[in-house]
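Read the structure below first, then the notes.
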Amino acid sequence: DNTTSADQQELITALDLESKLIDLYQMVNPSVVHILVYTSLNDVAPLGSGSGFIYSDQGHIVTNNHVVEDGVEYEVVFSDGSRRRAEVIGTDLDSDLAVIKVDSIPESARAIGLGDSDQLQVGQLVIAIGNPFGEQGSMSLGIVSGLGRSLESQRQLDGTGGRYSLPQVIQTDAPINPGNSGGPLIDLAGQVVGVNSAIRSTTGVNSGVGFSIPVNAVTRIIPKLIEEGRYVYAYMGVQIQSLNL
């Protein structure tokens, strides 16, 4: 029966995807961390939190600038439950990227591989792993919904009224909610293709339109943040002024 054969093939395909996703989670989740942000040295409980992922075996962790910008102290919770104090190494307001560092990482954790966001295609399956609403190690599945989007920097350029916009931002319908910020967007090869950063919503929660910073920006900016603590952009602009003749 051709119908039965087609149904069986669909079931096999679904089971293959399910097995792939389970394997991906087990491989990648130990590289994803929960970042607790304290705004005072005397805080008993964190006043904010976000996500991040291990960038190097030396303890460097990538996250969003907006996750750490208001903090004074930081604690990183790994998937095995172990905790480490962290310090901010470098931040970049324009790309909304930051690097924090812990003295050591658990044996179960490792640096995660980085992909190439220039190779992404609309319709490609992607997964997000992070800590939405503090629920550690949550995984969501979606697709690349759009490419070539842009996100405006929160920095207002002095005296110009202009703003830097990060190009080539990835749009995804993989559910992203508060607490996912700074976590990785991952392809089915288990490599990071983006850093989950923002959502477009009228309610403050997921509406199916999320945005991830492209990983190619990470590979360009993060080494400078580690070495120098900041990233310097080259830019050219035009300023218009009225002349009284």
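Everything quoted here is computed from the prediction, not taken from an experiment. No hydrogens, no waters, no symmetry mates; every other heavy atom, side chains included, goes into these values.
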For the pair Ser212 and Asn196, evaluate side-chain contact (heavy atoms from CB on, under 4.5 Å) and give the outcome as yes or no after the intermediate values.
-> CA-CA 4 Å; Ser212 292; Asn196 299 319; 2.5 Å; yes
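No donor-acceptor pair closer than 3.5 Å links the side chain of Ser150 to the backbone N or O of Pro167. Under a 3.5 Å cut-off, the side chain of Asp96 and the backbone N or O of His66 do form a donor-acceptor pair. Between the side chain of Ser117 and the backbone N or O of Pro214, no donor-acceptor pair lies under 3.5 Å. A donor-acceptor pair under 3.5 Å is absent between the side-chain atoms of Tyr74 and the main chain of Lys101, judged by distance alone. Without hydrogens or angle criteria, Asp173 side chain to Gly142 main chain gives no donor-acceptor distance under 3.5 Å. Of the possible donor and acceptor atoms, one in the side chain of Asn131 sits under 3.5 Å from a partner among the backbone N and O of Val33. Under the 3.5 Å distance criterion, the side-chain polar atoms of Ser40 are left unmatched by any main-chain donor or acceptor of Val72. Judged by distance alone, the side chain of Asp187 and the main-chain N or O of Gly190 form a donor-acceptor pair under 3.5 Å.
Using a 4.5 Å heavy-atom cutoff, the side chains of Leu114 and Phe53 are in contact. Side-chain contact check for Ile213 versus Leu185: every heavy-atom pair is 4.5 Å or farther apart. Residues Ile226 and Tyr55 are in side-chain contact: their nearest non-hydrogen atoms beyond the backbone lie under 4.5 Å apart. The closest side-chain heavy-atom distance from Thr91 to Glu69 is not below 4.5 Å. In this structure, Pro30 and Arg110 have side chains that are not in contact, with every pair of non-hydrogen atoms separated by 4.5 Å or more. The shortest distance between side-chain heavy atoms of Thr172 and Val144 does not fall below 4.5 Å.
Within a 6.0 Å sphere centred on CG of Asp103, other residues, nucleotides and ligands contribute 12 heavy atoms or fewer. Other residues, nucleotides and ligands place no more than 12 heavy atoms under 6.0 Å from the CZ atom of Arg230.
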